[in-house]
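Notes for the one structure printed next.
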Amino acid sequence: MGHLTFLLAAVGSLLPFPSAATPLDKRAAVDTCLSKLKVPVLTAGSADYVQALKPFNNRVTFKPAAYAVPKTVEDVQNAVSCGSQNDVKVTAKSGGHSYGSHGLGGEDGHLIVDMRNFNSVTVDQAAQTAVIGTAGRLGNVATALYNQGKQAISHGTCPGVGVGGLSLHGGYGLISRSKGLTLDNILEAQVVLANSSVVTASPTQNPDLFWALRGAGAAFGIVTNFKFKTFNAPESNLVFQYSLSPSSASQLSTIITALQDFTRNSQPPELNMRLFLSAFTTFSGVYYGTRANFDKVMQPLLTKMGIGSGGFAQITEKNTWLNTLTSFSNGPLEQPAVYDTHETFYAKSLMPEYLSPAAIDALSKYWEKNARNLNRAWYLLIDSHGGANSAVSSVAGDATSYAHRNATFKMQFYDRVYNGNYDPSWQSFLNGWIGNITAASPGVQYGMYINYADTGLSKEEAHKAYWLKNYDRLVQVKNVYDPKKLFTGPQLVGS
Ligand SMILES: Cc1cc2nc3c(=O)[nH]c(=O)nc-3n(C[C@H](O)[C@H](O)[C@H](O)COP(=O)(O)OP(=O)(O)OC[C@H]3O[C@@H](n4cnc5c(N)ncnc54)[C@H](O)[C@@H]3O)c2cc1C
Ligand SMILES: *[C@@H]1O[C@H](CO)[C@@H](O)[C@H](O)[C@H]1NC(C)=O
Ligand SMILES: *[C@@H]1O[C@H](CO)[C@@H](O)[C@H](O)[C@H]1NC(C)=O
Ligand SMILES: *[C@@H]1O[C@H](CO)[C@@H](O)[C@H](O)[C@H]1NC(C)=O
């Protein structure tokens, strides 16, 4: 007997017994708390729950500790409090489009606060403002704004994306060069903080929080709704698309070099465009002006790119705003109540201020050698993001926590499969592409865009690349509003 007791005591002292409960083990305690406070939930295993756990990116799935679907701001406060009391991390989810499934926590064991019921759009036509719920999907939001006095905001192209993630970390689309990023048009936000209090963040109320929310929002609270400045939707827009077929690395270099020079120095704000490089290559965008002016602006660029008059062009004039959006939305703007579109992919990004000739050469050679004959549905999207005449670059670097004001291009490297799983070894394709570009530009710290969350980055790499010089100040604000790191994730500020 004595022997056995001794043995058990010894074993007991070796096992970290009481602290071993993982967040997933706390499901019952969190669920009990949510139930006591009458916060609506999705029950583990129910059909709704299974559907809700399917991320946009099938490659990246997680198991939450609990799943709340609040109906009121008070429900959100109570959910946050249940997470805090049980020491379970809390994550807001809006549209669920994070490439790293950060809306599901970005790791196992979070309490997910699914904001789907916060999706209303209310325009004040006289003031040209709109209050928009965080979980509104872009296509529905654009339609609702338009139906209330033909108003609009600047936002991304995919109609299924949620306002929440887009606005809190950037938001670049086909009118950003004249109207700025989505986050540049936020007037104020209503936020539930880690201690469950509700505050307004604006230039005059909690201005440090307001600064942090606009670029790194996920780490600072749960936004219930935003108040945006709106503008009159432009109604006679030129939509263009050229087909290109670069046949060699040097030809691709010529195209990118010409585009970079044009974007940095002469691209007018009313011209928004992107180069889409894949098995087929297109150069497309929107011009908010007349055909005559468009031709005048574009001709020198097209000549330098070698498109000249030989490239196949599709140009349509007099598109309404909703038509313009639909030209880039891959389907109808209006989104179903149960969203069920998914892809299986790995993606990376670069936000270069300037690509040196050596970097462009490395990019193009890698394309020639490794990309153009690759039999997967990869693409490289190069948005003309900044430059001398871009509204994005004209905002001061310290006005918001978005760190990429001077980035000329917003580059997205995307590699997907249409059937089956994405083999992890395939990640070397995009890693190698970025690796060759950075190796050719020693000493350059490239920014990256958290809205294209890159699961290949370590925490430290992510912090540096997503927030550059703004990171240290973000950590200071984090320590004020969320010292216990309730809102966290593998790549968020302070993680
Ligand atoms: C098909 C597709 C097209 C895209 N096109 C564009 C584009 O044109 N331009 C562009 O800029 N981006 C684009 N993106 C990227 C997109 O902006 C990001 O994926 C964005 O983060 C998605 O937001 P979400 O609310 O849908 O995602 P979620 O996964 O729900 O959220 C993303 C992150 O934001 C946090 N978050 C969400 N809501 C809140 C809240 N209320 N309070 C606090 N934190 C919150 C989440 O916790 C998570 O960390 C695209 C993405 C996809 C999948
Ligand atoms: C952007 O470039 C301008 C001009 O070179 C510089 O003054 C500014 O500090 C830069 N901003 C950022 C955020 O790097
Ligand atoms: C550059 O690309 C080659 C493949 O062409 C790859 O083997 C190599 O690892 C890449 N270099 C870097 C630094 O990523
Ligand atoms: C909640 O946190 C905020 C930010 O740190 C603080 O200003 C406020 O006083 C706190 N509220 C309560 C009730 O503790």
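Only a predicted model underlies this, so the values are computations on that prediction, with no experimental measurement involved. In each ligand, atom 1 is the first atom listed, and ligand 1 is the first ligand listed.
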Please say which of W378, Y346, Y379 ends up in a side-chain contact (heavy atoms from CB on, under 4.5 Å) with Y414. Y379

Need the ligand 3 atom indices (1-based, order shown) with element for anything under 4.0 Å from a heavy-atom of Y366. 2 (O), 4 (C), 5 (O)

Could you tell me the separation between the CG atom of L174 and the CE atom of M273, rounded to the nearest 0.5 Å? 11.5 Å

For N370, atoms of ligand 3 separated by under 4.0 Å from a heavy atom: 4 (C), 5 (O)

A student checking ligand 3 against K369 at a 4.0 Å heavy-atom cut-off should list atoms 5 (O)

OG of S196 to CG of N78, rounded to nearest 0.5 Å, is 7.0 Å

Does some side-chain heavy atom of K365 sit less than 4.5 Å from a side-chain heavy atom of N436? no

Taking S94 for its side chain and G165 for its backbone only, find out whether a donor-acceptor pair lies under 3.5 Å. no

I'd like to know if the side chain of Y422 reaches the main chain of W426, judged simply by a donor and an acceptor atom lying under 3.5 Å from each other, with no hydrogens or angles considered. yes

Between ligand 2 and K469, is the shortest N or O to N or O distance under 3.5 Å? no

Check each atom of ligand 2 against the heavy atoms of G397 and keep those under 4.0 Å away; list them by number with element. 13 (C)

With a 4.0 Å cut-off on N to O distance, would you call D124 and K227 a salt bridge? no

Please say which of L183, V191, L213, I186 ends up in a side-chain contact (heavy atoms from CB on, under 4.5 Å) with F226. I186

Within the 4.0 Å heavy-atom sphere of ligand 4, strictly under, residues: L193, N195, S197, V480, Y481

